[in-house]
Amino acid sequence: MEKYYHTYKIKYYVNASHAMRWKDGEGKQHNHTWEIVCEIHSKGDHMIVFNDIENEMKKIVDTFSGKFLNKLPYFKEVNPTTENVTVWLFDQLNPALEKLDAELVRIEVGESPTRSYCIDTRH
């Protein structure tokens with residue numbers, strides 16, 4: 001019998017603002033509707049309840065919903081670029097999903113319909 005790879009794909013849309021930091025200072029604060037697309041694999045040959053995944057993810061996504069990212073502790077020193085937001089989310093989400101015997105294998109974060117950044121742990 002073949003082993004199945006149980007894969008989940010979940011999308012979130014979050015409104016939050018940021019301002020880029022440049023050599024000569026901080027840019028203007030502006031809003032985005034961030035699109036967050038996560039691909040999650042079960043670590044075993046089992047399915048996971050969607051609500052369990054969504055509940056873990058929502059706790060993290062809610063920490064920056066409606067916020068000015070530059071004011072969050074992580075982004076006080078780190079420039080809140082799309083790339084850095086993606087890294088921060090990955091580093092927050094993956095340990096939360098470990099509790100469900102799951103792993104975040106791909107995350108894509110977009111600040112607009114035409115611009116996104118991805119982290120993919122598969123080779």
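Sequential numbering from 1 along the given sequence is applied to the chain's residues. Excluded from the calculations below are hydrogen atoms, water molecules and symmetry mates; all remaining heavy atoms, backbone and side chain alike, are included.
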S.K.: With K67, which residues qualify under salt bridge (charged side-chain N to carboxylate O under 4.0 Å, His left out), at least two apart?
M.R.: none
S.K.: Could you go step by step and tell me if L97 and I53 meet the side chain to side chain contact (heavy atoms under 4.5 Å, CB included) rule?
M.R.: CA-CA 7 Å; L97 293 167; I53 296 170; 4.0 Å; yes
S.K.: Listed by chain and number, what are the side chain to side chain contact (heavy atoms under 4.5 Å, CB included) partners of K9, not counting sequence neighbours?
M.R.: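 If we apply the side chain to side chain contact (heavy atoms under 4.5 Å, CB included) test to K9, skipping adjacent residues, the hits are V37.
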S.K.: I need the I107 CD1 to I10 CD1 distance, nearest 0.5 Å.
M.R.: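 One finds 11.5 Å between CD1 of I107 and CD1 of I10.
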S.K.: Who are the side chain to side chain donor-acceptor pair (under 3.5 Å) partners of D101, not counting sequence neighbours?
M.R.: none
S.K.: Considering non-hydrogen atoms only, spot the tightest contact between G110 and S116 and give its length.
M.R.: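 Nearest heavy atoms, G110 then S116: CA-CB, 3.6 Å.
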S.K.: Which atom pair, heavy atoms only, marks the closest approach of A19 to P80?
M.R.: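 Nearest heavy atoms, A19 then P80: O-CG, 3.6 Å.
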S.K.: So, using salt bridge (charged side-chain N to carboxylate O under 4.0 Å, His left out) as the criterion, who are the partners of E108 when residues are at least two apart?
M.R.: R106
S.K.: Can you list every salt bridge (charged side-chain N to carboxylate O under 4.0 Å, His left out) pair that touches residues 16-25, not counting sequence neighbours?
M.R.: R21-E26
S.K.: Which other residues belong to the hydrophobic cluster containing M20, where Ile, Leu, Val, Met, Phe, Trp and Tyr are joined when side-chain heavy atoms lie under 4.5 Å apart, directly or via other members?
M.R.: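 Direct or chained contacts put M20 with W22.
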S.K.: Salt bridge (charged side-chain N to carboxylate O under 4.0 Å, His left out) with K71: which residues, sequence neighbours excluded?
M.R.: none
S.K.: Quick check on the hydrophobic clustering: are F68 and I60 connected, directly or via other members, by side-chain heavy-atom contacts under 4.5 Å?
M.R.: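 The answer is no; the residues belong to distinct hydrophobic clusters.
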S.K.: Indicate yes or no: at least one non-hydrogen side-chain atom of N15 is less than 4.5 angstrom from one of Y13.
M.R.: no
S.K.: With sequence neighbours excluded, what pairs up with K99 under the side chain to side chain donor-acceptor pair (under 3.5 Å) test?
M.R.: E56
S.K.: Quick one: pull up NZ in K11 and SG in C38 and give me the separation to the nearest 0.5 Å.
M.R.: 11.5 Å
S.K.: Measure across I40 and A102 and return the closest heavy-atom pair with its distance rounded to 0.1 Å.
M.R.: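 Between these two residues, the closest heavy atoms are CG2-CB, 3.7 Å.
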S.K.: What's the shortest heavy-atom distance between E39 and H41, and which atoms?
M.R.: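 That would be OE2-NE2, 3.3 Å.
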S.K.: Could you walk me through whether H6 and D45 pass side chain to side chain contact (heavy atoms under 4.5 Å, CB included), step by step?
M.R.: CA-CA 7 Å; H6 301 279; D45 190 18; 3.3 Å; yes
S.K.: Return the set of residues passing side chain to side chain contact (heavy atoms under 4.5 Å, CB included) with E111 (not counting sequence neighbours), or none when no residue passes.
M.R.: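 E111 satisfies side chain to side chain contact (heavy atoms under 4.5 Å, CB included) with H18, H32, W34, T82, R115 once adjacent residues are dropped.
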S.K.: Can you tell me how far OG of S17 sits from CG of N31, rounded to the nearest 0.5 angstrom?
M.R.: 5.0 Å
S.K.: Show, in sequence, the C-alpha distance, side-chain angles and deciding distance for F75 and V85, and conclude whether the side chain to side chain contact (heavy atoms under 4.5 Å, CB included) test is met.
M.R.: CA-CA 9 Å; F75 294 109; V85 170; 3.9 Å; yes
S.K.: Considering non-hydrogen atoms only, spot the tightest contact between Y12 and E54 and give its length.
M.R.: OH-O, 3.0 Å
S.K.: Show the numbers, then the answer: is there a side chain to side chain contact (heavy atoms under 4.5 Å, CB included) between F64 and L89?
M.R.: CA-CA 10 Å; F64 78 101; L89 281 169; 3.6 Å; yes
S.K.: Among all residues two or more places apart in sequence or in another chain, which pass the ring-ring contact (aromatic ring centres under 6.0 Å, His included) test with Y8?
M.R.: F50
S.K.: Once side-chain hydrogen bond (donor to acceptor under 3.5 Å, both in side chains) is applied, what residue pairs with a partner in residues 84-95 remain, sequence neighbours excluded?
M.R.: T81-N84
S.K.: Nearest heavy-atom pair of V14 and S65: which atoms, and what distance?
M.R.: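 Smallest heavy-atom distance, with atoms named: CG1-CA, 3.4 Å.
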S.K.: Could you state whether V61 and V105 fall into the same hydrophobic cluster, counting links through intermediate Ile, Leu, Val, Met, Phe, Trp or Tyr residues with side-chain heavy atoms under 4.5 angstrom apart?
M.R.: no
S.K.: What pairs with E83 under salt bridge (charged side-chain N to carboxylate O under 4.0 Å, His left out), at least two apart in sequence or on another chain?
M.R.: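 E83: no salt bridge (charged side-chain N to carboxylate O under 4.0 Å, His left out) contacts found.
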